[in-house]
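A quick write-up on the structure given underneath.
Within every chain, numbering begins at 1; the chains are lettered A, B, ... in the order of the sequence lines, protein sequences first and strands thereafter.
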Amino acid sequence: MSFNHQEIEKKWQKKWDDTRSGIVSESTNKKDSLYYLIMFPYPSGSGLHVGHVESYAAIDILARYQRMKGKNVMVPIGYDSFGLPAENYAIKTGVHPSKTTKTAINTFRQQMKSVGLAFDWDREISTSDPEYYKWTQWLFLLFYKNGLAYRKKSAVNWCNSCSTVLANEQVVAGCCERCKSEVVQKDLEQWFFKTTKYTEDLLSGLDDLDWPSKIKAMQKNWIGKSEGTNIKFKIKNSKSQVEVFTTRPDTIFGATYIVLAPENPLVDEIVLKEHKEEISKYTKNAQKKSALERTELQKIKTGVFTGSYVINPVNNEEIPVWVADYVMMGYGTGAIMAVPAHDERDFEFAEKYSLEIRKVVKSDDDTKERCFSKDGISLNSDFLNGLKTSDAKKKIIKWLSEKEAGDSMTTYRIRDWLVSRQRYWGAPIPIIWCDKCGDVPVEEENLPVLLPEDVDFKPTGESPLVGSKTFHDVKCPKCGNDARRESDTIDTFVDSSWYHLRYCDPKNKKVFADKSKIDYWCPVDLYIGGAEHAVMHLLYARFFAHALNDLGYIKFKEPFTKLRNQGLILGPDGEKMSKSSGNVVNPDTIVLEYGADAIRIYEMFMGPLEDEKPWDIKGVVGIRRFLDRAWKVRSKINKTESDELDKLMHKTIKKVGDDFEVLKFNTAISQLMIMTNAMMEAESVTKKTYQSFIKLLAPLAPHLAEEVWEELGNTKSVFSDGWPTYDKDKLVDETITLAIQINGKMRATIIISPNASKDEARLIALDDEKINSYIKGKDLKEIIYVPGRIMNIVVK
RNA sequence: GGGCGAGUGGUGGAAUUGGUAUACACGAGGGACUUAAAAUCCCUUGGAGGAAACUCCGUGCGGGUUCGAGUCCCGCCUCGCCCACCA
């Protein structure tokens, strides 16, 4: 006999929807509040994925568990609904993104409800909703007014395929993070957020976070702090100087040439007439190259001599200045001093162009032909000779700074966040351009700046908003003259940088969220999502929190106290699920055939939450069998049960609770299976024990638990009756099997009290026939006894 | 090149953080029920040897520490992910 999951699910899902019991979270003065958050989904047309179900089920189970323990838990849900897929779909089909988005959201909601997720539906938000993006625009203006949003012309990443600029974080190995096509450099005037204002805070803030070390490392890596020295080389026959950045100032006596990045503004200034043509050809060519080409591995280094020389401050030597695209403008000062004897890249370049290679650091291994880039002892370096690299660095920095020829300098890889996009489906940037007044912010009472409907979606390199008749032309709020709106939209990563704040107070019309409500819920106690957001969303959201903290809007700097990444669920073939491989598992069909409880438990039972693991439909069948057995235990209910069963129940209560606390759902489920098997084997089970079991199962299998609970004669929800408690005395057994090792090898077991003394244990062990056969005729050297764990008899 | 992580049965994975390796589940084999199948229930299931009691081997490889190592240390191998001409 099997239970009818379809009927049960329909019944309880309706009941939960009607009563909203235990789901709606109020900010009260109750202290025990928890804020659990999952990274909200992009509502794609293909619907909910089994990967979504994994993290959502995990959060849902924890939330239900904590609510049973009396905590006030908020688990909100919403949709990251602005973005390119809907817009690209519109370009192809002509269907407006708002329409497809609405449909997709309805599908998502229905699917999430079908797996019994107890989200607080009253807090549902959607980033493309004007009620939401009004506040995205408001925050943009807040940043603008406080100097955290600014406009600047610079070389930016441009994706031809997406027809928009991209932030540095959205360029992966020279390609667009979204569409994987090549990214090129363009000189454009764009809007930026000043993330670099909080660089050090973003770095140090990582220390106290309970986040996977990998994500912390990635953020650290991305911020890319590098401590080195800025050295000034005077240009011969000029008042100007070249500033270079190096982490090895101790090798300055080995600097045999200088390299400028092609984009370095100094190039034009110092290049000699006879070299001008060649240089401009080279720099133009370099600019045309994509970031991918520039950084391509094994690339043959190229460069051109400028004709100019600089003076080395330590020995007044004249050093030639070259331009080469192996030096990047975006890092350090866009110029380096080349020390070919001690840097691989410089070595390669020097060999090619026959530049001097001068050794100034002694290596441990002189037989090596190639350059030596590790630390060693300085030589051929005048006053640095004989010093260890670390000491030489100190000495030269002191020397340079005294001569005002250089100083310590810290550089970072992180750049300000480019937030404008030349695309339609996003929040319009709330700025008005006036010929007289320049850029003027839209007044607060005129927010939101609504997305116009009368646009041609086709990207032209300009924002599609440019073509709108209703949108573009406005009066300047300052002077009243004819003006035009900024037509770019805001990067959708801005939308998702503050949604966790809006959840605290999603319907507020006066502020983005009431301060007291943010104080009550935030920061987020547990955040679950994919690791792919390591340096984009998570860094941006942290920046927002740091900025809003700085501006006095929130009390905390770090928005997500604890973070966990769910592992990827692979297809049955062990490959990443994708439409093209045809290995995508649709949760709907699983829910229909095996039930919502089965898919929830199966996804938790597959393995540790953070691991990558393949889908196996046989596993779902196994879980369904377990649920059927758990259901069938009802027929065993009687007045009595064995002591062993009672004890096992208490152990199970402890184990399941402990495992939930640390998100080890797989072992919690395994314990429930052990309990179920024991109940099925038992003569009878008391109602009390079975009810406790059902409560433990309830967070995992809420539908089944509610149904059984009601059948057992309870009138209120199983979730309203509290989490079972265990009796400590019942966790220990009167006797246990103790493993006996002889010389470290497991040889026998004895039955003994877990807290027997060493003498007692020794007596029993030495009385054992089998043990005796091993130690007969040998010298007993030592007996190691760990009560309740092991005894090791050492003989010779 | 740098950083992070992982290697345990046929498979997914357990192992109280140094104490009976392989819990739980899947799969496989055998049996019961059935006209038959499905479902369900019971038994077996790391490898090798043995009729059996039992013995030996066994957590990627090689060392080490320890009474005792999947777990700690040193040196390798393999795989995965992230970053990378970062000066």
Is A/Met746 touching bases, backbone alone, or none of the nucleic acid, heavy atoms closer than 4.0 Å?
base
Assign A/Asp611 to base, sugar-phosphate, or nothing according to its heavy-atom contacts below 4.0 angstrom with the strands shown.
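Counting heavy atoms under 4.0 Å across all strands, no contact is made by A/Asp611.
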Measuring from the side chain of [X] (C-beta onward, heavy atoms only), which nucleotide among [options] has the closest atom?
| X | options | value |
| --- | --- | --- |
| A/Arg413 | B/A84, B/A87, B/A14 | B/A84 |
| A/Met673 | B/A15, B/A25, B/G19 | B/A25 |
| A/Asn221 | B/A21, B/C83, B/C24 | B/C83 |
| A/Asp616 | B/U20, B/C26, B/A15 | B/C26 |
| A/Pro608 | B/G5, B/G13, B/G19 | B/G13 |
| A/Ala739 | B/G19, B/U20, B/G27 | B/U20 |
| A/Ile674 | B/C26, B/A23, B/U20 | B/A23 |
| A/Val786 | B/G12, B/G5, B/G19 | B/G19 |
| A/Met218 | B/C82, B/C67, B/A87 | B/C82 |
| A/Ala217 | B/U20, B/G3, B/C26 | B/G3 |

Using the C1' atom on both, measure B/A32 against B/G19 and round to a whole Å.
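It comes out at 41 Å once rounded to the nearest Å.
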Contact under 4.0 Å: [X] side-chain N or O vs [N] OP1/OP2:
| X | N | result |
| --- | --- | --- |
| A/Arg625 | B/A39 | no |
| A/Lys664 | B/A15 | yes |
| A/Asn677 | B/A25 | yes |
| A/Tyr774 | B/U55 | yes |
| A/Arg747 | B/C56 | yes |
| A/Lys745 | B/C57 | yes |

Does the structure place the NZ or CZ of A/Arg415 under 6.0 Å from the centre of the six-membered ring of A/Trp417, at an angle of no more than 45° from the ring's axis?
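So A/Arg415 doesn't make the cation-pi contact.
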If you draw the axis of the six-membered ring of A/Phe3, does the NZ or CZ of A/Arg624 fall within 45° of it and under 6.0 Å from the ring centre?
yes
Can you check the A/Trp615 CH2 to B/C26 C1' distance for me, whole Å?
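The answer, rounded to whole Å, is 14 Å.
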Name the residue closer to the 5' end of RNA chain B, choosing between A/Val794 and A/Gln741 according to the nucleotide with the nearest heavy atom.
A/Gln741
Give me each pair satisfying salt bridge (charged side-chain N to carboxylate O under 4.0 Å, His left out) with a member in residues 215-229 of chain A, each pair once, sequence neighbours excluded.
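The answer is A/Glu200-A/Lys225.
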Is there a Watson-Crick or G-U wobble partner for B/A52 with both distances under 3.5 Å, and if so, which one is it?
none
Do you know which of A/Thr735, A/Ile771, A/Ile736 makes side chain to side chain contact (heavy atoms under 4.5 Å, CB included) with A/Ile750?
A/Ile771
Testing the 3.5 Å rule here: is there a donor-acceptor pair between the side chains of A/Gln671 and A/Thr652?
yes
